[in-house]
Amino acid sequence: MLGVISNKLTLLDYLKEAQKTPTHYYNKVSQYLFERIGQALGEFNISKDKVRICIEAREQQYSSLLSLLHSIQSTPLDERALPIRNIDRFSISAVKKKDDLLMSLADIGANAMFLSVRKDERTYSLTETRYLKELSPVFLSARDGKIVPKGLKPIHSLADLGLDDETRIQISRLKNDRKDYQRIT
């Protein structure tokens, strides 16, 4: 499993600019996820023609995302985006949750990430990292076993998520000790 986690409230300055184009924020966060996917494909020596990437079908046009990926692949502005070249953008398809059971696994991971940073009235401003910890054995990790930032990418850092110290520390300590998952440099 790979994930990207952000807190829009800590990116308010960026959001003002992003709101000019409706898909900008979604595409930018997706870019971070595709960087992680591309890096994993490279580290595991998986050919891009052997991969099918499914994203959840929503009420939006995905052509802008595919155009962004093509632009990055052609002329990456940052070396961190280079792994996106390991992805065939035509292998990406929008799938409804009910049409592919694997989307349920993605939902489980997304929910665990969301609960680990969610702080609102309904949760009494308490976060829940237990589910993320339970999933840690299936996240890709760095060679030292740490999940953050290789398997779980915070935007732009854990400090930028606006977490309390205890939650930030718990997330930073998440590990996957399974050697098969510790390939990302």
Side-chain angles (χ1 to χ4, degrees), residues 1-12 14-15 25-46 51-56 58 80-81 83-84 86-87 92 95-98 100-185:
M1 186 171 286
L2 293 163
V4 173
I5 193 165
S6 67
N7 180 344
K8 288 181 184 178
L9 295 177
T10 63
L11 302 172
L12 290 177
Y14 174 76
L15 284 178
Y25 182 79
Y26 176 85
N27 288 351
K28 188 62 179 173
V29 172
S30 295
Q31 174 189 335
Y32 294 123
L33 182 58
F34 285 116
E35 288 173 6
R36 299 273 74 81
I37 293 169
Q39 187 175 20
L41 292 175
E43 297 282 342
F44 283 91
N45 293 316
I46 299 171
V51 175
R52 181 179 138 228
I53 299 173
C54 299
I55 55 178
E56 183 182 346
R58 294 182 170 200
R80 292 174 291 191
I84 290 177
N86 295 331
I87 296 172
I92 301 169
V95 177
K96 292 182 180 178
K97 286 183 189 183
K98 64 182 173 102
D100 192 328
L101 287 176
L102 287 177
M103 298 303 283
S104 298
L105 294 176
D107 262 358
I108 290 168
N111 188 52
M113 288 181 265
F114 175 69
L115 291 174
S116 70
V117 297
R118 178 183 185 185
K119 291 175 86 171
D120 60 22
E121 291 175 6
R122 285 186 254 161
T123 63
Y124 303 101
S125 294
L126 299 173
T127 57
E128 177 58 76
T129 58
R130 182 177 53 131
Y131 303 115
L132 199 54
K133 185 176 181 179
E134 294 292 327
L135 287 175
S136 63
V138 298
F139 269 90
L140 288 178
S141 64
R143 294 200 187 275
D144 63 1
K146 289 194 172 197
I147 291 170
V148 175
K150 301 298 182 178
L152 179 60
K153 167 75 175 162
I155 308 300
H156 295 282
S157 69
L158 279 175
D160 287 337
L161 296 180
L163 301 170
D164 58 82
D165 288 341
E166 182 181 341
T167 302
R168 184 182 44 74
I169 290 167
Q170 286 177 5
I171 292 174
S172 72
R173 290 183 178 164
L174 289 173
K175 287 188 86 173
N176 181 349
D177 292 322
R178 296 165 66 187
K179 298 292 182 199
D180 291 3
Y181 292 75
Q182 299 175 1
R183 297 191 186 186
I184 301 180
T185 54

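As a basis for the values below, the full set of heavy atoms in this structure was taken, side chains included, without hydrogen atoms, waters or symmetry mates.
- In terms of heavy atoms, K150 sits closest to L2 at O-CD2, 3.9 Å.
- Shown here for S136 and I147, the closest heavy-atom pair between the two residues is CB-CD1, 3.3 Å.
- The CZ atom of R173 lies 8.5 Å from the NZ atom of K146; values are rounded to the nearest 0.5 Å.
- Side chains of L132 and L115 form no contact here, defined as non-hydrogen atoms less than 4.5 Å apart.
- Taking the side chain as every heavy atom from C-beta outward, V117 and L163 approach each other to under 4.5 Å.
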Name the atoms and distances for all side-chain donor-acceptor pairs under 3.5 Å in residues 100-108, with sequence neighbours left out.
from, atom 1, to, atom 2, distance (Å)
D100, OD1, L102, N, 2.9
D100, OD2, R52, NH2, 2.8
S104, OG, L101, O, 3.4
D107, OD2, K97, NZ, 3.0

Evaluate side-chain contact (heavy atoms from CB on, under 4.5 Å) for I155 paired with Y32, printing each intermediate quantity in order.
-> CA-CA 8 Å; I155 308 300; Y32 294 123; 3.0 Å; yes
Hey, mind stepping through I87 and I92 against side-chain contact (heavy atoms from CB on, under 4.5 Å) and telling me if it holds?
-> CA-CA 9 Å; I87 296 172; I92 301 169; 4.3 Å; yes
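- Taking every heavy atom of both residues into account, S116 and T167 meet most closely at O-CG2, 3.3 Å.
- Counting only heavy atoms from C-beta outward, the side chains of P154 and D160 never approach each other to under 4.5 Å.
- Distance check, rounded to the nearest 0.5 Å: CG of L140 to CZ of F44 gives 5.0 Å.
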Stepwise side-chain contact (heavy atoms from CB on, under 4.5 Å) check, M1 with L152 = CA-CA 9 Å; M1 186 171 286; L152 179 60; over 6 Å; no
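- Between C54 atom SG and K96 atom NZ the span is 14.5 Å, to the nearest 0.5 Å.
- When the ring-ring contact (aromatic ring centres under 6.0 Å, His included) test is applied to Y26, no partner is found at least two apart in sequence or on another chain.
- G38 and N86 make their closest contact through O-ND2, 2.8 Å (heavy atoms, listed as atom of the first residue, atom of the second, distance).
- Between the side chain of R36 and the main chain of G151, no donor-acceptor pair closer than 3.5 Å is present.
- Atom CG of L158 is separated from atom CD of Q170 by 12.0 Å, given to the nearest 0.5 angstrom.
- At least one side-chain heavy atom of R178 sits under 4.5 Å from a side-chain heavy atom of V138.
- No side-chain donor-acceptor contact under 3.5 Å links E35 and Q39.
- Note that CG of N176 is 11.0 Å distant from CG of L135, once rounded to the nearest 0.5 Å.
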For side-chain contact (heavy atoms from CB on, under 4.5 Å), just list the numbers for K28 and Q31, CA-CA rounded to whole Å, side-chain angles, deciding distance to a tenth of an Å, and then say yes or no.
-> CA-CA 5 Å; K28 188 62 179 173; Q31 174 189 335; 3.1 Å; yes
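- Within 6.0 Å of atom NZ in K175, more than 12 heavy atoms from other residues, nucleotides or ligands are found, so the atom counts as buried in its surroundings.
- Rounded to the nearest 0.5 angstrom, I84 CD1 and L41 CG are separated by 11.5 Å.
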